[in-house]
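Each remark here refers to the structure printed beneath this line.
Naming convention: chains lettered A, B, ... in sequence-line order (proteins, then strands); numbering from 1 in each chain. Values reported hereafter were calculated over all heavy atoms of this structure, with side chains retained and with hydrogens, waters and symmetry mates removed.
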Number of protein chains: 2
Amino acid sequence: MDEPNAIKMPMSNEDCENFRIIELLFFAYRSFVTDADEVLSEYGFGRAHHRILHFTNRIPGLTVAELLDILKITKQSLSRVLKELIESGHIVQLRADNDGRKRLLYPTKKGRKLALKLSQMQSKRIETAFANIVSNDIPRQSHAVEAFLQNMIDRSDRDFLDQLLNEGVSVD
Amino acid sequence: MDEPNAIKMPMSNEDCENFRIIELLFFAYRSFVTDADEVLSEYGFGRAHHRILHFTNRIPGLTVAELLDILKITKQSLSRVLKELIESGHIVQLRADNDGRKRLLYPTKKGRKLALKLSQMQSKRIETAFANIVSNDIPRQSHAVEAFLQNMIDRSDRDFLDQLLNEGVSVD
DNA sequence: AAATATATGTCAGGTATGTTGACATATATT
DNA sequence: AATATATGTCAACATACCTGACATATATTT
């Protein structure tokens, strides 16, 4: 009964200056996190495991409370995933000498190895993205950022998206 | 029975050059997406709704298949969320003239308005992040990227994280 | 010493967003 | 007429988050 009232004009940069950056962030981040997924699934792990493993390796001896603060999730949510990482021998908990309530989290050798493997995969993508920023992107810093994000996106996505978002769709 | 074998050394840049970028991406992206959450929840919407709404506004008249390709989710998953956006009057579907099977997605006035509101929130953070790249970050493009990502992170997180990740934790 | 606060863990149930597999329908194409 | 394509829908399930309530061990305060 309502007439559809469909708006057929695409949103333009006049509406919002940073559409391109907004979208690049979305796709770049997706490619970035997806790198690790395949390896993680071999262990029956997900992204939640990855985050915990990463920060435990990066800040060995951090407490559960600190980890919760970093990840901004609830202890119940952390608990389940952390338990699996402990059972699989990737992380250990040690009682703090100065305060017996605190449980300090440390990676094991196994945990360190996996964390490095995952980080190096992500690092490789980042390295390539930096390397492929061509020098005529320098004049404006925003261009370097834009180029970086663009380069972070999977090749398979990049062409498809560029076509869709830049050439656009006919507005009849 | 197993001795813990806890590793107490933090991972360093020698292990992996881009730890800093990896972490900045994580926190920057989190701040970026969290901007919209509060507004979305007023409508009973989540991030899935946001993504659909965004691309429907950005590419009005896109098909369901194209949207699935962009979001890389299943049609069953899309369906549930899209249905809510249609029922709430943010998106309409119109039959394609040239192919009656296709349902073209368009925002309504209401949908356009919400999409713009959300984009402008995110754009504001991006704008500020660009503006606060100080000029001595220019020499290397990577510095501009790093500064940008750093500036994208919520103030409240930034100081806490900087302390935790740079000054580190005592390794006894 | 007793009361309280802190750090952690756990039980139980709920939500949002994704998945797979099977099947239905309408429209195009061969 | 047969097949392919675009979409929708039913059902069951997985992951990763949530809230609320309660338990336990250790520190700190009174």
Side-chain angles (χ1 to χ4, degrees), chain A residues 26 29-30 33-34 36-38 40-56 61-88 91-106, chain B residues 26 29-30 33-34 36-56 61-88 91-106 169:
Chain A
F26 173 69
Y29 191 76
R30 183 168 71 189
V33 295
T34 304
D37 286 350
E38 209 173 310
L40 285 163
S41 75
E42 290 170 19
Y43 296 79
F45 292 160
R47 288 174 194 173
H49 299 83
H50 188 185
R51 291 195 281 272
I52 294 169
L53 189 62
H54 180 90
F55 288 107
T56 300
L62 90 172
T63 64
V64 170
E66 285 171 330
L67 190 48
L68 290 176
D69 245 26
I70 291 174
L71 300 177
K72 297 205 194 302
I73 56 175
T74 58
K75 60 181 173 177
Q76 297 92 325
S77 197
L78 174 63
S79 170
R80 220 172 326 136
V81 182
L82 179 56
K83 201 182 285 175
E84 290 173 6
L85 285 163
I86 290 168
E87 280 166 7
S88 66
I91 291 179
V92 290
Q93 283 182 310
L94 301 182
R95 211 171 241 283
D97 285 346
N98 55 332
D99 187 337
R101 293 168 303 179
K102 292 184 181 171
R103 303 298 155 83
L104 309 186
L105 302 175
Y106 293 95
Chain B
F26 172 69
Y29 191 76
R30 182 168 73 189
V33 294
T34 305
D37 286 351
E38 208 173 310
V39 173
L40 285 164
S41 74
E42 290 169 19
Y43 296 78
F45 293 160
R47 289 173 192 175
H49 300 83
H50 189 184
R51 291 194 281 273
I52 293 170
L53 189 61
H54 180 90
F55 287 107
T56 300
L62 91 172
T63 64
V64 170
E66 284 171 330
L67 189 48
L68 290 175
D69 245 28
I70 290 174
L71 298 177
K72 297 206 194 302
I73 56 176
T74 58
K75 61 181 174 177
Q76 297 91 327
S77 195
L78 173 64
S79 171
R80 218 174 326 142
V81 182
L82 179 56
K83 201 182 286 176
E84 292 173 3
L85 285 164
I86 290 168
E87 280 167 6
S88 66
I91 291 180
V92 289
Q93 284 182 309
L94 302 182
R95 213 171 241 284
D97 284 347
N98 56 332
D99 186 339
R101 293 169 302 180
K102 292 183 181 171
R103 303 298 155 82
L104 308 186
L105 302 175
Y106 293 94
V169 172

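- No side-chain donor-acceptor contact under 3.5 Å links A:Ser77 to the backbone of A:Ile73.
- Under a 3.5 Å cut-off, the side chain of B:Thr56 and the backbone N or O of B:Leu53 do not form any donor-acceptor pair.
- At whole-Å resolution of the value, NZ in A:Lys102 and P in C:dA7 are 6 Å apart.
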Do any N or O atoms of the protein come closer than 3.5 Å to N or O atoms of nucleotides 16-20 of chain C, and which pairs are they?
| residue | atom | partner | partner atom | Å |
| --- | --- | --- | --- | --- |
| C:dT17 | OP1 | B:Arg47 | N | 3.0 |
| C:dT17 | OP1 | B:Ala48 | N | 3.3 |
| C:dG18 | OP1 | B:Arg51 | NH2 | 2.8 |
| C:dG18 | O5' | B:Ser77 | OG | 3.3 |
| C:dG18 | N7 | B:Arg80 | NH2 | 3.0 |
| C:dG18 | O6 | B:Arg80 | NH2 | 3.3 |
| C:dT19 | OP2 | B:Thr74 | N | 2.7 |
| C:dT19 | OP2 | B:Thr74 | OG1 | 2.8 |

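- Summarising the local packing, CD of B:Glu42 is surrounded by more than 12 heavy atoms from other residues, nucleotides or ligands at distances under 6.0 Å.
- Looking at DNA chain C, the stems built from 3 or more consecutive Watson-Crick or G-U wobble pairs, each pair with its key distances under 3.5 Å, are C:1-30 with D:1-30.
- Rounded to whole Å, the distance from CD on A:Gln93 to C1' on D:dA25 is 14 Å.
- If you measure from atom CG of A:Leu94 to atom P of D:dT26, you get 16 Å, rounded to the nearest angstrom.
- The separation between A:Leu68 atom CG and C:dT10 atom P is 14 Å, rounded to whole Å.
- Note: CD1 (A:Ile52) to P (D:dC17) measures 8 Å, nearest angstrom.
- When atom types are taken as modelled, the side chain of B:Arg103 and the backbone of B:Arg95 share no donor-acceptor pair closer than 3.5 angstrom.
- With sequence neighbours left out, the ring-ring contact (aromatic ring centres under 6.0 Å, His included) criterion links B:His50 to no other residue.
- Two residues are said to be in side-chain contact when any heavy atoms from C-beta on lie closer than 4.5 Å; B:Thr34 and B:Arg47 meet this criterion.
- Put simply, CD1 on A:Ile86 is 11 Å from C1' on C:dG9, counting in whole angstrom units.
- Nearest-nucleotide positions on DNA chain D place B:Ala65 closer to the 5' end than the other of A:Arg95 and B:Ala65.
- Taken from NZ in A:Lys102 to CG in A:Leu62, the straight-line distance is 11.0 Å, to the nearest 0.5 Å.
- Under 3.5 Å, the side chain of B:Arg101 and the base of D:dT7 form no donor-acceptor pair of N or O atoms.
- From A:Leu82, atom CG reaches atom CD1 of A:Ile86 across 4.0 Å, with rounding to the nearest 0.5 Å.
- In this entry the distance linking NZ of A:Lys83 with C1' of C:dG9 reads 8 Å, nearest Å.
- Aromatic ring pairs are classed by plane angle as parallel below 30°, tilted from 30° to 60° and perpendicular above 60°; the pair B:Phe26 and A:Phe55 is tilted.
- The CZ-C1' distance, from A:Arg103 to C:dT6, rounds to 13 Å in whole Å.
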